[in-house]
Number of protein chains: 2
Amino acid sequence: MKEPVITPALRQAMQAVMVQVEGRVDSSKCPIRDVMDHIGDKWSSLLMVALGTRPHRFGELKRAVPDISQRMLTQTLRDLQRDGLVSRHVFPTQPPSVEYRLTPLGESMMPPLMGLMKWAADHHAQIREARSDFAEAQAELA
Amino acid sequence: MKEPVITPALRQAMQAVMVQVEGRVDSSKCPIRDVMDHIGDKWSSLLMVALGTRPHRFGELKRAVPDISQRMLTQTLRDLQRDGLVSRHVFPTQPPSVEYRLTPLGESMMPPLMGLMKWAADHHAQIREARSDFAEAQAELA
DNA sequence: CAGCATCCAGTCCGATACTG
DNA sequence: CAGTATCGGACTGGATGCTG
């Protein structure tokens with residue numbers, strides 16, 4: 001006996017999302033897309049997780065996410081700050097130091113975000129396998 | 001009395017993610033980024049939700065997500081199929097009809113994905129407010 | 001240390017036209 | 001109906017050099 005993965009409540013939630021999507025020609029008017037577009041960019045979610053563990057200074061973040069460029073780090077942090085997910089604190093030391101940390105709003109995002117990341121980690125092997133199967137199937141056609 | 005949002009277990013999970021990120025100069029070697037990059041693209045998550053409610057045919061999907069172009073619908077579906085999240089079934093009718101549905105792997109992704117979407121819907125107002133506050137603060141500096 | 005300004009390559013993605 | 005093919009613009013994001 002297996003429980004269905006898609007429960008009635010879950011299906012209802014998905015239908016509610018699709019109602020939001022329909023007719024919102026302007027994507028900025030759709031809450032889902034407005035938020036998901038940001039989560040989707042290359043670095044946001046990674047920086048959120050880094051800051052979720054503890055506050056970081058600019059240089060610490062750069063080391064925590066080794067292959068982010070300075071430009072993208074600056075820009076992504078500004079976007080996160082703009083959306084109220086991250087706060088920026090300047091300490092008047094010499095040389096200056098700046099600390100970034102999650103706001104309460106940002107913290108509230110971590111449980112669902114980590115839920116998705118856990119899924120990613122748990123199913124990564126299956127996805128890789130599916131990809132190689134797919135590549136094989138394609139090769140057979142040739 | 002408020003429970004902390006970031007529980008010790010959650011913090012530990014985040015630290016585990018960051019360990020995965022560090023040192024993986026090649027992003028395809030990092031499970032988190034490999035999966036998140038796909039979720040992040042403009043249409044994947046939306047199509048997953050649409051298919052989560054029930055199987056859809058190509059044209060139905062196009063109507064369910066009104067402003068996706070045919071090109072992006074085709075391409076995104078192929079990517080989802082490649083990753084084993086969606087399966088494609090051709091019925092030899094005339095004219096041909098093709099049905100897309102979630103695979104079990106795809107279904108397993110829906111609970112965490114919907115968790116994040118629920119967060120987005122619940123906090124969209126707060127984010128919009130943060131943005132207008134930020135814009136005001138910027139305007140004041142000028 | 002913590003950024004900003006500039007330049008440039010690659011990619012994303014929409015519009016359009018065409019096919020089995 | 002369910003795609004494929006091609007073009008071109010917009011945007012993303014990396015590299016580099018400079019500033020307080």
Side-chain angles (χ1 to χ4, degrees), chain A residues 21 24-28 30 33-34 36-47 50-51 55-82 86-101 138 141-142, chain B residues 21 24-28 30 33-34 36-47 50-51 55-82 86-101 138 141-142:
Chain A
V21 170
R24 311 290 185 116
V25 177
D26 182 356
S27 72
S28 70
C30 170
R33 292 173 58 181
D34 194 20
M36 293 302 286
D37 282 357
H38 289 271
I39 293 171
D41 77 11
K42 199 173 178 183
W43 305 107
S44 296
S45 53
L46 230 43
L47 291 181
L51 292 174
H56 280 67
R57 291 179 46 188
F58 188 88
E60 287 179 319
L61 280 172
K62 201 158 156 37
R63 282 187 294 278
V65 185
D67 53 345
I68 192 173
S69 69
Q70 210 166 36
R71 172 188 156 81
M72 280 300 106
L73 180 54
T74 303
Q75 183 175 309
T76 306
L77 284 171
R78 211 184 317 110
D79 290 346
L80 292 174
Q81 193 192 348
R82 195 180 73 103
V86 161
S87 60
R88 180 175 181 272
H89 306 273
V90 182
F91 297 99
T93 56
Q94 187 54 264
S97 74
V98 180
E99 188 186 80
Y100 294 87
R101 59 168 65 220
Q138 292 299 86
L141 298 183
Chain B
V21 170
R24 310 288 186 120
V25 177
D26 182 356
S27 71
S28 70
C30 171
R33 291 173 59 180
D34 195 20
M36 292 303 286
D37 282 357
H38 289 270
I39 294 171
D41 77 11
K42 198 173 179 182
W43 304 107
S44 296
S45 54
L46 231 43
L47 291 181
L51 293 174
H56 280 67
R57 291 179 43 189
F58 189 87
E60 287 178 320
L61 280 172
K62 203 160 154 35
R63 282 187 294 279
V65 185
D67 53 344
I68 192 173
S69 68
Q70 209 168 36
R71 173 189 157 80
M72 279 301 105
L73 181 53
T74 303
Q75 183 175 307
T76 306
L77 283 171
R78 211 183 319 109
D79 289 347
L80 292 174
Q81 194 193 348
R82 194 180 74 102
V86 161
S87 60
R88 180 175 181 273
H89 307 274
V90 182
F91 298 98
T93 56
Q94 187 53 264
S97 74
V98 180
E99 188 186 81
Y100 294 88
R101 60 168 65 221
Q138 292 299 84
L141 297 183

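Hydrogens, waters and symmetry mates are skipped; everything else that's a heavy atom, side chains included, is used. Protein chains get the first letters and strands the later ones, always in sequence-line order, with residue 1 at the start of each. Here the structure is a predicted model, which means the values were calculated and not measured.
- Toward the 5' end of DNA chain D, the nearer of the two residues A/Ile68 and B/Pro96, judged by each one's closest nucleotide, is B/Pro96.
- The side-chain contact (heavy atoms from CB on, under 4.5 Å) test with A/Tyr100 singles out one residue from A/Leu80, A/Leu51, A/Leu47, and that residue is A/Leu51.
- Distance A/Leu73 CG to D/dA15 C1': 16 Å, rounded to the nearest Å.
- Here the nucleotide nearest the side chain of A/Phe58, chosen from D/dT4, C/dA2, D/dA2, is C/dA2.
- Under the 4.5 Å side-chain criterion, counting only non-hydrogen atoms from C-beta, A/Met36 is in contact with A/Ile39.
- Across B/Leu77, B/Leu61, B/Thr76, a single residue satisfies side-chain contact (heavy atoms from CB on, under 4.5 Å) together with B/Trp43, and that is B/Thr76.
- Residue A/Pro95 is the one, among A/Arg78 and A/Pro95, whose nearest nucleotide of DNA chain C lies closer to the 5' end (criterion: closest heavy atom).
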* To do: Might you work through the side chain to side chain contact (heavy atoms under 4.5 Å, CB included) test for B/Met72 and B/Val65, ending with a clear yes or no?
  => CA-CA 11 Å; B/Met72 279 301 105; B/Val65 185; over 6 Å; no

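- Computed from coordinates, the B/Asp41 CG to C/dC12 C1' distance equals 10 Å when rounded to whole Å.
- No engagement by A/Gln75 is indicated, since no non-hydrogen atom pair under 4.0 Å with the nucleic acid exists.
- Remark: P of C/dC13 and CG of B/Asp67 are 12 Å apart, rounded to the nearest angstrom.
- Atom NZ in B/Lys42 sits roughly 6 Å away from atom P in C/dC13 (whole-Å rounding).
- No contact: B/Phe91 has no heavy atom under 4.0 Å from any strand.
- The CD atom of B/Gln94 sits 9 Å away from the C1' atom of D/dC1 (whole-angstrom rounding).
- Counting to the nearest Å, the P atom of C/dC1 and the NZ atom of A/Lys62 are 11 Å from each other.
- Residue contacts for B/Ser97: at a heavy-atom cut-off of 4.0 Å it reaches the sugar-phosphate backbone alone, with no base atom in range.
- Listed pair B/Arg88 / D/dG3 meets the phosphate criterion, a side-chain N or O lying under 4.0 Å from OP1 or OP2.
- In this structure, A/Met72 atom CE and C/dA2 atom C1' are separated by 16 Å, rounded to whole Å.
- Rounding to whole angstrom units, CZ of residue B/Arg71 and C1' of C/dT19 are separated by 17 Å.
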* Taking it one step at a time, do A/Val90 and A/Arg88 satisfy side chain to side chain contact (heavy atoms under 4.5 Å, CB included)? -> CA-CA 7 Å; A/Val90 182; A/Arg88 180 175 181 272; 3.5 Å; yes

